[in-house]
Protein chains: 2
Amino acid sequence: MRTVEKALRLLDLFDDQHPDLGLSELARLSGVDKATVLRMLNDMAATGLVEQDTQTRHWRLGAGLLRLARLREAAFPVSRVLTPILEHLAQATGETAHASLLAGRDLGTVGVAESTRPTRVSLDPGLVLPLHATASGIAFTAFARPDLREQVLARTLSGVTHATPTSRAALSDLIAQAQARGYALADQTFESEVYGVAMPLFGPDGHAVGALAVASPSSRISDAHLKTIVTTLAPAAKEATLAMGGRIPATLKIVL
Amino acid sequence: MRTVEKALRLLDLFDDQHPDLGLSELARLSGVDKATVLRMLNDMAATGLVEQDTQTRHWRLGAGLLRLARLREAAFPVSRVLTPILEHLAQATGETAHASLLAGRDLGTVGVAESTRPTRVSLDPGLVLPLHATASGIAFTAFARPDLREQVLARTLSGVTHATPTSRAALSDLIAQAQARGYALADQTFESEVYGVAMPLFGPDGHAVGALAVASPSSRISDAHLKTIVTTLAPAAKEATLAMGGRIPATLKIVL
DNA sequence: AAACGGCGGTGTATATAATGAACCGGACAA
DNA sequence: TTGTCCGGTTCATTATATACACCGCCGTTT
């Protein structure tokens with residue numbers, strides 16, 4: 001693998017449960033030699049992508065990320081545009097809403113508005129959504145650039161739950177359904193007891209760049225509830241696409 | 001230079017004025033061969049640090065940054081803690097307030113609250129503040145870990161304006177003044193017509209991790225105005241440090 | 001105390017991965 | 001047509017990343 005990519009993969013080892021990691025820990029998790037990992041970390045620290053706790057000597061994501069993210073937001077205000085949409089969506093459906101954008105090989109969560117109900121779906125901050133195992137991923141892939149879609153289909157698909165599609169045929173079916181309906185449904189394909197409804201967000205070229213989704217406890221899903229979610233989600237996704245400067249393809253149809 | 005660092009330096013070529021850049025442009029600006037730059041960009045795109053516009057083929061900062069920044073914020077809520085403090089500071093002083101954290105070799109702006117006055121200081125999003133040329137940088141360096149301070153003093157100091165300290169002695173003086181006063185003053189050392197007042201933000205080990213600053217048009221600075229700024233900034237900086245889990249060294253004194 | 005194991009970090013010979021010059025096809029201008 | 005600049009590709013050369021062995025340190029166990 002390319003060295004730069006290997007180094008950047010280290011960043012993905014940090015998550016909600018592991019906000020800081022030691023050198024040996026990072027080496028073990030990444031399967032790379034300690035000495036190499038240390039050099040990579042120092043290189044990344046030089047630009048603020050990671051930083052080291054002076055006391056524990058552990059590493060964490062750096063303040064440079066905040067600066068770069070702000071810079072991106074200034075040019076392409078995504079979070080700012082999505083936040084009110086997500087909040088309205090959560091309020092109107094009573095369920096947790098989230099938005100994600102393609103970041104590398106998967107979707108990265110860039111905004112969440114939680115439901116206020118006592119039982120609700122809760123998402124870890126910065127969660128990565130696999131393209132084949134989530135409603136968001138399916139909705140995105142169904143409307144992504146064809147070459148990208150083909151890449152996803154060609155991947156070896158890891159099973160996450162019992163309902164995760166692991167064969168090319170199964171995934172292809174789900175994608176076809178999403179293309180026909182204009183949105184994707186996923187019952188416990190990523191997280192048990194979670195039912196996801198997702199619609200694609202489009203870029204200026206009319207291909208998907210991300211997804212807008214509502215996640216509900218599976219137990220609360222009924223035909224009526226599903227209908228509410230879909231009819232609320234549709235205008236929200238449209239608004240989000242337009243606000244981000246995207247173009248909705250003329251062929252898109254939302255089928256209840 | 002290390003390959004990873006060279007690749008990450010490409011990220012710093014994006015700024016407020018240049019939100020997207022072409023391949024040749026990046027190669028020219030970085031002084032690296034096109035082929036190499038392209039490989040680096042592709043590696044960074046694989047983790048979402050950058051992304052390519054499908055139409056213009058230009059590159060911009062990627063959505064992965066948003067995810068990683070959110071992840072960092074979840075573990076170390078910096079922006080969220082600083083925003084209300086900055087807003088209060090801007091309101092109480094009538095001037096633009098900003099916060100920055102060490103990110104690599106310099107301070108990266110992580111929060112801004114603009115003054116509402118007709119004449120005010122405006123900061124580019126994601127601005128990088130050199131340690132030797134800004135009030136924030138001096139305040140930070142004065143209270144940073146001694147070895148880091150020594151590194152800064154050992155650097156070749158580039159002049160930004162006529163007032164920028166460029167000799168080790170001049171910088172050393174400014175640092176000593178800041179240490180004695182508990183804050184730094186900088187009259188047009190970075191941007192002409194801008195007067196900066198900055199206090200350090202401390203980490204858990206009692207050394208500076210960033211700075212909180214108020215930037216005023218030089219023309220508006222008077223003894224009374226300066227006094228207002230300092231007396232408003234002091235409790236704000238203290239609050240910010242504590243809210244971020246930092247420890248204020250017992251030796252710190254604020255001298256009006 | 002002594003021995004141990006894990007930690008963060010360093011030095012260096014080896015081998016792998018980064019490099020850049022030359023090149024391609026396409027878009028646009030003169 | 002010719003020329004120029006663009007994004008992108010190829011491939012021989014070589015500079016750079018790599019991993020092993022090793023260091024000192026610290027806390028726990030024996």
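These figures come from a predicted structure and were not determined experimentally. Residue numbers begin at 1 in each chain, while the letters A, B, ... track the order of the sequences.
Contact detail for Ala178(B) and Ala184(B): the closest heavy-atom pair is CB-CB, 4.1 Å. Closest approach of Pro204(A) to Arg247(A), counting heavy atoms only: O-NE, 3.6 Å.
Rounding to whole angstrom units, CG of residue Leu23(A) and P of dC25(D) are separated by 18 Å. At whole-Å resolution of the value, CG in Asp43(B) and P in dA17(D) are 13 Å apart. Atom C1' of nucleotide dG8(C) and atom CG of Asp33(A) are separated by 13 Å, given to the nearest angstrom. In this structure, the CG atom of Asp20(B) is 15 Å from the C1' atom of dG7(D), given to the nearest Å. Residue Arg39(B) contributes atom CZ, which lies 12 Å from atom P of dT9(D) at whole-angstrom precision. One can place CD of Glu5(B) at 20 Å from P of dA15(D), the figure rounded to the nearest angstrom. Spacing between atom CG of Leu10(B) and atom P of dA18(C) amounts to 14 Å, rounded to whole angstrom units. In this structure, Leu8(A) atom CG and dA17(D) atom P are separated by 14 Å, rounded to whole Å.
Taking every side-chain heavy atom of Leu38(A) into account, dT10(C) is the closest of dT10(C), dA17(D), dG20(C). Checked against dG8(C), dT18(D), dC20(D), the side chain of Ala35(A) finds its nearest nucleotide in dC20(D).
Between Leu127(B) and the options Val112(B), Thr134(B), Leu107(B), Thr109(B), a side-chain contact (heavy atoms from CB on, under 4.5 Å) holds for only Thr109(B).
Taking 4.0 angstrom as the limit, Thr3(A) places a side-chain polar atom (N or O) nearer than this to OP1 or OP2 of dA18(C). Side-chain nitrogen and oxygen atoms of Thr36(A) include at least one within less than 4.0 Å of the OP1 or OP2 phosphate oxygen of dA19(D). In this model, the phosphate group of dC6(D) is not approached by any side-chain N or O of Arg57(B) to a distance below 4.0 Å at OP1 or OP2.
Residue contacts shown for Arg2(B) are limited to sugar-phosphate atoms, with no base heavy atom under 4.0 Å away. At the heavy-atom level, Gln52(B) lies under 4.0 Å from the strands shown only through sugar-phosphate atoms.
Lys34(B) contributes no side-chain N or O that forms a donor-acceptor pair with the base of dG20(C) under 3.5 Å.
Taking 4.0 Å as the cut-off between side-chain N and carboxylate O, Glu73(B) and Arg60(A) do not count as a salt-bridged pair. Under a 4.0 Å N-O distance rule, the pair Asp16(B)/Arg70(A) does not qualify as a salt bridge.
Heavy-atom nearest nucleotides on DNA chain C were determined for Trp59(A) and for Val4(A), and the one closer to the 5' end corresponds to Trp59(A). Annotation: of the two residues near DNA chain D, Gly31(A) and Glu25(B), the 5′-most nearest-nucleotide partner is Glu25(B).
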